[in-house]
Colleague: 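Input: one structure, supplied below.
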Amino acid sequence: MKHFSKGLFVGAVMGALTIAAPLSHAATPGDQLVIGTSLAQVLSLDPHQATEGKAVEIMSNLYDRLVNSTPDGKIVPQLAESWKVDDKGITFTLRQANFASGNPVTSKDVVYSLGRLLKLDQAAAANLKRIGYDKTNVDKLVTAADDKTVRIDFSGQVTAEMLLYRLAASTTSVVDSVEVQKHVTDNDWGNAWMRTHSAGSGPFTLNRWSPNELVILDANKDYVAGAPKMKRVIVRHVPESQVERLMLERGDIDIASALTAADLSTFKDKQGFTIQRIPTGGFYVLSMNAGNQYLSNPKVREAIAYGIDYKGIEKTIMGPYGRARTVPVPENFEYAIPSPDWHLDVEKSKQLLAEAGYKDGFSLTLKTIAQTPRIDLATAIQASLAQVGIKIDIQQGNGSEIIAAHRARDFDLLIPQTSAYMPNVLGSMEQFSSNPDNSKEANNAGNFVWRSAWDIPELTALTAKASMEPDPKKRGELYVEMQKMFVEQKPAVLPMFERFEPIVLSSKVEGYVGHPTQLTRLENVTKSETQ
């Protein structure tokens with residue numbers, strides 16, 4: 001398996017620009033890390049419910065999982081000190097650890113947590129449901145042999161590698177079953193309480209969350225690997241890029257992670273700051289609702305693919321946030337195919353619309369979260385498609401509104417973003433190429449393709465075949481076939497730009513390495529006295 005390119009993957013190495021010289025400003029407290037970002041997508045801090053990026057980054061510091069993935073894509077122990085793989089499943093041996101409550105972490109908590117994830121059956125469960133685990137079989141497949149031994153049997157649709165990478169995701173966080181069950185109301189698995197409280201064994205605990213304002217994390221002094229270096233982490237909601245830039249320059253925040261490309265560029269070669277550009281393995285996507293009368297037609301979808309000025313948008317808007325790429329596999333991955341010849345071609349796009357019966361064009365709405373860089377991306381798409389006769393009405397909204405619309409199929413066009421759960425073709429592409437049941441009755445809102453009502457039985461079957469192929473060479477051949485079939489079917493989930501997460505840090509901050517799937521851990525972050 002080929003991992004993400006090391007030069008691209010390790011934030012501190014790739015594109016990091018560090019220059020030491022002090023700026024005259026008031027400093028944040030030496031024992032506190034203050035992060036400026038957009039919290040618009042943080043709708044819940046229940047790890048078995050929330051899947052949005054910034055929520056994941058917060059939850060990854062509140063909870064541990066059986067295993068973890070490193071920034072360069074390796075699976076390493078976390079709550080499990082070791083594991084053994086056989087032909088029927090994986091047996092994990094737990095380390096001695098406690099939850100923040102003081103309760104010991106036991107195999108019963110692991111069994112409870114994975115059962116809770118699948119029985120809540122929200123979007124967070126999709127990663128395991130896609131490989132054959134669900135609320136009807138989890139009690140049989142996930143068992144506790146004793147207090148420190150957990151057994152997870154294979155579902156018949158998964159390999160050991162795939163399962164381990166999924167167990168490293170924030171959605172499989174292990175929660176304190178004793179504490180959570182104290183707060184169950186109306187058979188909700190404690191969800192109402194868990195949305196705004198923490199019950200984990202991670203390096204931090206949740207002190208406070210005020211939606212669209214701030215999140216405060218306090219150090220867990222009894223953390224199994226030692227108390228975090230920072231006494232407190234404060235995540236501030238600063239959605240206006242210019243305000244965030246000024247706050248970083250003044251020293252009001254230590255890290256800025258929601259800057260526009262223009263504001264971010266002001267920190268290049270600037271004394272006292274470091275820039276990290278973190279590849280995610282994911283994409284900025286134009287989701288098209290194939291249930292729409294226009295978008296159900298593959299020729300219309302292809303017309304839209306030819307109606308977008310990818311290179312122009314990359315240069316003027318995306319900058320450090322993304323590079324043009326219209327196959328849902330990063331170009332540096334092994335077995336990645338070249339992007340198809342989709343580029344801004346007004347005449348070809350108009351011809352395809354005419355062939356589809358819409359020579360006079362039509363109107364659509366485009367929904368997007370009002371967040372960098374998506375709102376500027378939406379405006380650019382609006383202008384680009386206007387040239388081919390497609391009139392776009394942009395509807396901005398907060399995270400809860402847009403995410404709910406996406407999961408309910410309540411949109412024409414929508415701009416979501418993805419990441420890769422595993423550093424290979426399957427880890428990046430699977431969410432674009434698998435939709436086992438497209439029926440509305442399936443209500444599978446956790447499935448990325450289902451949300452666009454794009455029925456792809458052949459591609460789904462090919463994806464399943466690739467995921468179970470044991471021979472690396474044959475698996476690679478299937479990866480290539482998957483990508484080609486994806487392009488041939490004129491996707492309703494159109495990847496536009498490979499997604500990067502650019503952030504700017506005060507040079508006082510040491511030990512912060514951004515994680516591709518936003519599982520960035522903060523327990524070893526320190527701050528020096530001088531820049």
Side-chain angles (χ1 to χ4, degrees), residues 38-65 98-103 105-106 108-129 133-136 138-139 142 169-202 204-218 220 233-235 237 369 397-408 410 443-447 451 518:
S38 170
L39 296 173
Q41 292 189 73
V42 180
L43 312 180
S44 168
L45 291 177
D46 184 337
H48 301 152
Q49 178 181 46
T51 59
E52 291 70 41
K54 291 303 173 184
V56 168
E57 189 163 346
I58 293 165
M59 294 184 301
S60 70
N61 287 280
L62 299 173
Y63 298 91
D64 281 348
R65 300 164 299 285
N98 290 331
F99 292 104
S101 66
N103 294 327
V105 177
T106 72
K108 291 180 181 179
D109 296 297
V110 178
V111 172
Y112 174 84
S113 297
L114 296 179
R116 181 179 185 272
L117 167 66
L118 289 164
K119 292 170 185 177
L120 271 175
D121 200 15
Q122 300 201 22
N127 217 20
L128 287 182
K129 288 173 65 178
Y133 295 89
D134 60 38
K135 60 187 176 183
T136 68
V138 63
D139 292 337
V142 182
S170 68
T171 54
T172 60
S173 294
V174 177
V175 303
D176 184 341
S177 62
V178 174
E179 188 65 25
V180 173
Q181 289 178 90
K182 293 177 182 177
H183 302 281
V184 174
T185 57
D186 298 324
N187 298 314
D188 73 340
W189 291 89
N191 174 246
W193 183 80
M194 284 283 284
R195 289 169 62 91
T196 56
H197 295 80
S198 63
S201 61
F204 292 88
T205 60
L206 181 62
N207 174 302
R208 175 185 170 193
W209 169 38
S210 296
N212 290 327
E213 183 183 346
L214 85 167
V215 175
I216 300 176
L217 308 181
D218 289 339
N220 175 6
V233 174
I234 301 172
V235 186
H237 180 57
I369 295 173
N398 60 34
S400 59
E401 294 167 339
I402 301 303
I403 292 168
H406 193 198
R407 293 175 177 174
D410 180 22
N443 194 28
N444 193 7
N447 184 288
R451 298 178 191 182
Q518 295 191 277

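Numbers here are sequence positions counted from 1.
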Colleague: Kindly indicate whether the side chain of Trp209, heavy atoms from C-beta on, has any atom under 4.5 Å from the side chain of Ile58.
Modeller: no

Colleague: Could you pull out all residues at least two apart from Asp176 that satisfy salt bridge (charged side-chain N to carboxylate O under 4.0 Å, His left out)?
Modeller: none

Colleague: Considering non-hydrogen atoms only, spot the tightest contact between Pro47 and Met194 and give its length.
Modeller: CD-CE, 3.9 Å

Colleague: Kindly compute the distance separating NE2 (His237) from CG (Asn212), expressed to the nearest 0.5 Å.
Modeller: 4.5 Å

Colleague: Only one of Val175, Val180, Leu114 forms a side-chain contact (heavy atoms from CB on, under 4.5 Å) with His48, so which one is it?
Modeller: Val175

Colleague: Just so I know, are the side chains of Leu214 and Arg208 near enough to count as touching, which here means a heavy-atom distance under 4.5 Å?
Modeller: yes

Colleague: Taking side chain as C-beta onward, heavy atoms only, is Leu206 less than 4.5 Å from Val215?
Modeller: yes

Colleague: How close do Tyr63 and Val174 get, heavy atom to heavy atom, and via which atoms?
Modeller: CD2-O, 3.7 Å

Colleague: Taking the side chain from Ser198 and the backbone from Gly200, do they hold a donor-acceptor pair closer than 3.5 Å?
Modeller: no

Colleague: Is any side-chain heavy atom of Phe99 closer than 4.5 Å to one of Val178?
Modeller: no

Colleague: Which pair of heavy atoms, one from Ala124 and one from Ala50, lies closest together, and at what distance?
Modeller: CB-O, 4.4 Å

Colleague: Given side chain to side chain donor-acceptor pair (under 3.5 Å), test Asn103 with Glu179 step by step and report yes or no.
Modeller: CA-CA 8 Å; Asn103 294 327; Glu179 188 65 25; 4.7 Å; no

Colleague: Between Asp121 and Lys129, is there a side-chain heavy-atom distance shorter than 4.5 Å?
Modeller: yes

Colleague: Rounded to the nearest 0.5 Å, what's the gap from NZ on Lys108 to OG on Ser113? Could you check?
Modeller: 14.0 Å

Colleague: So how far is it from Lys54 NZ to Leu45 CG, rounded to the nearest 0.5 Å?
Modeller: 13.5 Å

Colleague: Once you measure the plane-to-plane angle for Trp189 and Tyr112, does it fall in the parallel (<30°), tilted (30-60°) or perpendicular (>60°) bin?
Modeller: tilted

Colleague: Set out, in order, the CA-CA distance, both residues' side-chain angles and the distance that settles side-chain contact (heavy atoms from CB on, under 4.5 Å) for Asp139 and Lys119, then state yes or no.
Modeller: CA-CA 10 Å; Asp139 292 337; Lys119 292 170 185 177; 2.9 Å; yes

Colleague: Taking all non-hydrogen atoms of both residues, which atom of Ala55 and which atom of Ser44 are closest, and how far apart?
Modeller: CB-O, 3.8 Å

Colleague: Do Asn191 and Arg116 have side chains that approach each other closer than 4.5 Å (heavy atoms only, starting at C-beta)?
Modeller: yes

Colleague: Quick check: does any side chain N or O of Asn398 sit under 3.5 Å from a backbone N or O of Ser400, one acting as donor and the other as acceptor?
Modeller: yes

Colleague: Are side-chain heavy atoms of Asn98 and Val105 found at a separation under 4.5 Å?
Modeller: no

Colleague: Identify the heavy atoms of Ser60 and Gln518 that sit nearest to each other, and give their distance.
Modeller: OG-O, 4.0 Å

Colleague: Can you name the nearest heavy-atom pair linking Gln41 to Ile403, along with the distance?
Modeller: OE1-CD1, 4.2 Å

Colleague: Quick check against the 3.5 Å criterion: does Tyr133 have a side-chain atom that pairs as donor or acceptor with the backbone of Asn127?
Modeller: no

Colleague: Taking atom OG1 of Thr205 and atom CG of Asn61, what is their separation to the nearest 0.5 Å?
Modeller: 11.0 Å

Colleague: Should Ser170 and Glu57 count as side-chain neighbours, where that means a heavy-atom distance under 4.5 Å?
Modeller: no

Colleague: Can you tell me how far OG1 of Thr136 sits from CG of Leu118, rounded to the nearest 0.5 angstrom?
Modeller: 9.5 Å

Colleague: For the NE2 atom of His183 and the NE2 atom of His197, what is their distance to the nearest 0.5 Å?
Modeller: 7.0 Å

Colleague: Within the side chain of Arg195, is there an N or O that forms a donor-acceptor pair under 3.5 Å with the backbone of Asp46?
Modeller: no

